[in-house]
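Computed over heavy atoms, backbone and side chain alike; hydrogens, waters and symmetry mates excluded.
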Amino acid sequence: MTTLTDAPESPAVPPAAGPAPPPNKERRRWGDLVLRAVAGAVLVYLFVPIAVIVLFSFNKPLGKFNLTWKGFTFDNWLDPFKYEQLTDALVTSLRVAAISTAIAVVLGTICAVALVRQRFRGHSAVDTFLVLPLTAPEVVMGASLLTLFIDFGWNRGFVTIVIAHVAFEVAFVAMTVKARLRGFDWTLEDAALDLGATPTRTFLRVTLPLIVPGVVAAAMLSFALSLDDFIITYFNSGSTTTYPLYINAATKTGLPPQINVLASAILLVSLLLLGLSMLWQRRRLAR
């Protein structure tokens with residue numbers, strides 16, 4: 001007969017682990033402060049040059065070079081097109097950007113839809129080659145296009161600039177639209193086709209409206225890249241002068257404040273278009 005004293009002893013149960021110690025709030029607070037300081041320094045580094053351009057658009061220089069602050073004036077903004085060659089260069093850049101963007105958006109959107117929806121032989125190779133213009137140095141692309149135009153015997157000018165810009169803009173458009181097409185519900189197209197819509201009508205009435213935000217973003221990116229491109233344009237411009245090429249040449253002869261005025265105006269228009277685009281997308285999502 002087993003007595004109480006003869007019962008085996010139960011093993012000792014270790015005490016339950018308590019809650020994890022709270023994090024060091026002081027160290028975390030200092031880490032947040034350092035992170036914010038670094039982020040603020042980066043933003044200052046990015047925006048100070050832009051602020052200088054806007055500020056010097058109100059400068060009243062004494063000589064040909066608008067490099068030293070002499071006094072505040074609105075005269076530059078009242079006559080932004082004072083220099084005809086500068087105005088012509090800006091108009092040329094805007095024409096090149098508009099034409100090349102229109103062509104690149106059409107070609108890049110079609111390419112993106114084909115790469116996302118279709119699977120064909122050489123799909124991976126095409127996808128890889130599409131990234132090359134994004135990673136290759138601009139000097140390589142500019143020199144290669146220059147060699148191509150010389151071999152064809154083409155006179156360099158407005159047309160060759162447009163062709164060169166389309167060559168690198170297509171890749172940016174295709175990659176941007178591809179990101180928008182990720183996760184796209186292709187059964188919507190199948191439903192439209194089953195209801196009797198033609199493939200063209202299906203694309204225009206179903207697919208395109210759903211990817212318009214990506215197309216608009218790609219168009220704005222392409223336009224900005226074309227407007228400020230210098231290296232590729234320099235190789236293939238011939239006697240045609242764009243806005244960046246004019247500024248590069250003006251550094252040797254004179255930098256009028258109208259350069260800063262037009263640059264500030266481009267910045268303001270870009271910010272306005274960006275704001276309108278964001279507002280349109282919010283209203284579209286709300287509907």
Side-chain angles (χ1 to χ4, degrees), residues 20-61 65-74 76-77 80 90 93-94 97 101 131 133-139 168-169 171-173 175-180 182 213-233 243-244 246-248 250-251 255-286:
N24 192 330
K25 294 184 179 180
E26 187 69 19
R27 182 181 302 176
R28 186 175 181 180
R29 186 173 67 87
W30 279 106
D32 291 341
L33 291 177
V34 171
L35 182 61
R36 294 176 184 178
V38 172
V42 172
L43 292 177
V44 170
Y45 175 78
L46 292 176
F47 290 108
V48 162
I50 299 176
V52 170
I53 289 177
V54 176
L55 177 64
F56 273 78
S57 67
F58 297 97
N59 186 30
K60 189 175 183 179
F65 292 89
N66 184 29
L67 300 175
T68 305
W69 183 261
K70 296 299 182 181
F72 186 88
T73 181
F74 282 107
N76 304 325
W77 283 87
L90 177 61
S93 290
L94 292 175
T101 298
V131 184
L134 308 179
T135 57
E138 287 192 349
V139 64
F168 69 81
E169 288 177 27
F172 286 95
V173 174
M175 298 303 294
T176 305
V177 178
K178 275 183 63 179
R180 177 67 182 180
R182 297 296 183 186
V215 175
V216 172
M220 295 178 64
L221 176 62
S222 298
F223 191 90
L225 291 172
S226 174
L227 192 63
D228 70 353
D229 182 78
F230 175 79
I231 297 177
I232 296 177
T233 304
Y243 187 70
Y246 180 91
I247 296 176
N248 177 68
T251 56
L255 290 170
Q258 278 71 19
I259 291 178
N260 299 72
V261 172
L262 295 178
S264 301
I266 293 173
L267 174 64
L268 293 176
V269 172
S270 301
L271 293 176
L272 178 61
L273 293 176
L274 180 61
L276 292 176
S277 175
M278 294 177 62
L279 180 62
W280 172 73
Q281 290 188 25
R282 288 183 180 180
R283 291 186 175 180
R284 186 171 179 271
L285 291 175

*Could you state the interatomic distance from OG (S264) to CZ (F58), rounded to the nearest 0.5 Å?*
7.0 Å
_Would you compute the distance between atom CG of L262 and atom CG of L267 and round it to the nearest 0.5 angstrom?_
12.5 Å
*Rounded to the nearest 0.5 Å, how far does CZ of F230 lie from CD of E138?*
10.5 Å
*Mark yes or no for whether D228, through its side chain, and P244, through its backbone, hold a donor-acceptor pair below 3.5 Å.*
no
*Indicate yes or no for a side-chain donor-acceptor contact from T251 to the backbone of N248 under 3.5 Å, with no hydrogens or angles considered.*
yes
*Does F74 have its ring centroid less than 6.0 Å away from the ring centroid of F72?*
yes
*Out of curiosity, L90 CG to L227 CG, how far, rounded to the nearest 0.5 Å?*
7.0 Å
*Rounded to the nearest 0.5 Å, how far does CG of N260 lie from CZ of F56?*
8.0 Å
*Which heavy atom of Q258 sits nearest a heavy atom of P80, and at what distance?*
CG-O, 3.4 Å
*Minimal non-hydrogen separation, N76 against S57, with atom names*: ND2-O, 3.0 Å
*Over all heavy atoms of both residues, which pair between A97 and T101 is shortest? Give the atoms and the distance, please.*
O-OG1, 2.5 Å
*Taking every non-hydrogen atom, the tightest pair across V177 and G214*: CG2-O, 4.2 Å
*asked:* If we ignore hydrogens and angles and just use 3.5 Å, is the side chain of S226 paired with the main-chain N or O of S222 as donor and acceptor?
replied: no
_Gap separating the CG atom of L279 from the CG atom of L274, nearest 0.5 angstrom_ = 11.5 Å
*Locate the shortest heavy-atom distance separating Y243 from I259; write the atom from each residue and the value.*
OH-O, 2.8 Å
_For a side-chain contact (heavy atoms from CB on, under 4.5 Å) check, start with the C-alpha distance between D229 and L225, then their side-chain angles and the critical distance, and finish with the verdict._
CA-CA 6 Å; D229 182 78; L225 291 172; over 6 Å; no
*State whether the number of non-hydrogen atoms from other residues, nucleotides or ligands found under 6.0 Å of W69 atom CH2 is greater than 12.*
yes
*Indicate the atoms forming the closest heavy-atom contact of P257 with N59, along with that distance.*
CB-O, 4.3 Å
